[in-house]
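The structure appears right after this line, and notes come after that.
Proteins get letters first, then strands, A, B, ... in listed order; numbering begins at 1 in each.
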Amino acid sequence: MPELPEVETVRDGLDRLVVGAVVRDVEVFREYSVRRHDGGPAGFADQLRGRRVIGAARRGKYLWLPLDEPGHEPSAALLAHLGMSGQLLVRDPAVAGEWAHPHLRVRLHVDGAPSGARYVDFVDQRTFGHLSVTDLAPTPDGAPGGYGSPLPALPEPVAHIARDLLDPALDRDLVVARLRRRRTGIKRALLDQTVVSGVGNIYADEALWRARVHFARATDAMTRPVAHRVLDAAAEVMTEALGQGGTSFDALYVDVNGESGYFSRSLAVYGQAGEPCPRCATPVRRDEFMNRSSFSCPGCQPRPRQGRW
DNA sequence: CACACGTCCTGGTAGC
DNA sequence: TGCTACCAGGACGTGT
């Protein structure tokens, strides 16, 4: 699943391979992939045609490409969320040949990409991802809108999303305070993108294992040091994953060149039910939680007496 | 057929 | 009591 490290891998790829390109044409093969957009797919295409991509920014799992507006400050961006299975593939058919990917949902035809690429393909099997063109609004704090953002601006649909753990403008003490004000379990809070963004099911489980904290630990009973330990662990595991190009155990995630990440080899608990905990060898346990799976080590992460599921 | 799960939306609750 | 902010859980969607 694309979480922060995977989305950052894609952002970095777009930054290097696509920024500077002009969108010549747009093909939408699946209307549902252009959700939340005035004018539908036709309006989407109209707003992109002729526009130059001037940056590649990310906050949490949201990714956007600010678009130039000659004579004005940029005020719009191509916004993308990869959902569970979305990919943005930068392609040059002269090198890699034409292809007909069964899950190709949207294709941007571009001119002038620094890589010489002609297509930016949005491929998405499970269709939880989507693209749209949205207005940019100034950030309340005047800082860049997100990681890699060339502007102190943010797409409107991202305004409610908190900064993420790789964002230099993130205030971790503030996140700890917000966590401890909540009356819920720590994993729920970590997955809530309005508290801190970028953490999904995989890295939540990995971070909690590293911090030796059970997923149901009540946030309002957590001390500041423990809350910091969890955030530090989350930042650490995501940074390591980023260094390896992300996680791709199910082959649904690949970077902009179609290459898989290697972090799946490093997962301690996620998807490891029954396997020995790398720290204490207790078999990893799988629980159903929030209509999804939760993996933890019963030895290192004992259930709290009064947890919040 | 159950399962994978990120986000949005809804209905309900807690607390002031 | 009334309001608001917060919280939990269902729906969405496709393919193995």
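- Remark: A:R224 CZ is loosely packed, at most 12 non-hydrogen atoms of other residues, nucleotides or ligands lying under 6.0 Å away.
- Rounded to whole Å, the distance from CG on A:D164 to P on B:dG6 is 15 Å.
- Using a distance-only test at 3.5 Å, with no hydrogens or angles considered, no donor-acceptor pair links the side chain of A:R91 to the main chain of A:V120.
- The closest donor-acceptor contact from the side chain of A:Q47 to the backbone of A:V133 lies at 3.5 Å or more, if one exists at all.
- Distance, A:L190 CG to B:dT7 P: 14 Å, rounded to whole Å.
- With C:dC7, B:dA4, B:dT7 as the choices, the nucleotide that has an atom nearest any side-chain atom of A:R182 turns out to be C:dC7.
- Under the 3.5 Å distance criterion, with hydrogens and angles disregarded, no donor-acceptor pair is assigned to the side chains of A:H103 and A:Q87.
- One can place NZ of A:K187 at 18 Å from C1' of C:dC7, the figure rounded to the nearest angstrom.
- Donor-acceptor pairing under 3.5 Å is recorded for the side chains of A:Y203 and A:E6.
- Rounded to whole Å, the distance from CG on A:N201 to C1' on B:dC3 is 13 Å.
- One finds no salt bridge joining A:D287 and A:K187 here, because no Lys/Arg side-chain nitrogen approaches an Asp/Glu carboxylate oxygen to under 4.0 Å.
- Here A:S293 reaches the OP1 or OP2 of B:dA4: one of its side-chain N or O atoms lies under 4.0 Å away.
- Rounded to whole Å, the distance from CG on A:L79 to C1' on B:dT7 is 13 Å.
- Taking atom CG of A:L63 as the reference point, atom C1' of B:dT7 lies 16 Å away to the nearest angstrom.
- Phosphate contact (OP1/OP2 of B:dG6, side-chain N/O of A:H81, threshold under 4.0 Å): absent.
- Residue A:R181 places no side-chain N or O under 4.0 Å from the OP1 or OP2 atom of C:dA5.
- Evaluated for a side chain to side chain donor-acceptor pair (under 3.5 Å) with A:D164, the options A:R58, A:Q193, A:R59 yield exactly one hit, A:R58.
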field: Bracket notation of DNA chain C in which parentheses pair within the strand, [ ] cross earlier pairs, and | pairs with another strand (Watson-Crick or G-U, under 3.5 Å)
entry: .|||||||||||||||
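- Using modelled atom types, one finds no donor on one side chain facing an acceptor on the other under 3.5 Å when comparing A:E288 with A:S294.
- A:D111 pairs with exactly one of A:R118, A:R51, A:R49 by the salt bridge (Lys or Arg N to Asp or Glu O under 4.0 Å) rule, that one being A:R118.
- Per the geometry, CG belonging to A:D287 stands 12 Å off P belonging to B:dA4, to the nearest Å.
- Because its NZ or CZ atom is both nearer than 6.0 Å to the ring centre of A:W209 and within 45° of the ring axis, A:R279 counts as a cation-pi partner of that residue.
- Checked by atom type, the side-chain pair A:R285/A:S296 shows no donor-acceptor distance below 3.5 Å.
- Both tests do not hold together for A:R308 against A:F215: distance to the six-membered ring centre under 6.0 Å, angle to the ring axis within 45°.
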message: How would you summarise protein contacts on nucleotides 10-16 of chain C per nucleotide, using B for base, S for sugar-phosphate only and - for none, with heavy-atom distances below 4.0 Å?
response: S-BBBS-
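- An OP1 or OP2 oxygen of B:dG6 is reached within less than 4.0 angstrom by no side-chain nitrogen or oxygen of A:Q193.
- Taking atom CG of residue A:L82 and atom P of nucleotide B:dT7, one finds them 10 Å apart after rounding to whole Å.
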- line: Protein heavy-atom contacts under 4.0 Å, written 5' to 3' over nucleotides 8-16 of chain B as B (base), S (sugar-phosphate only) or - (none), form the string S------S-
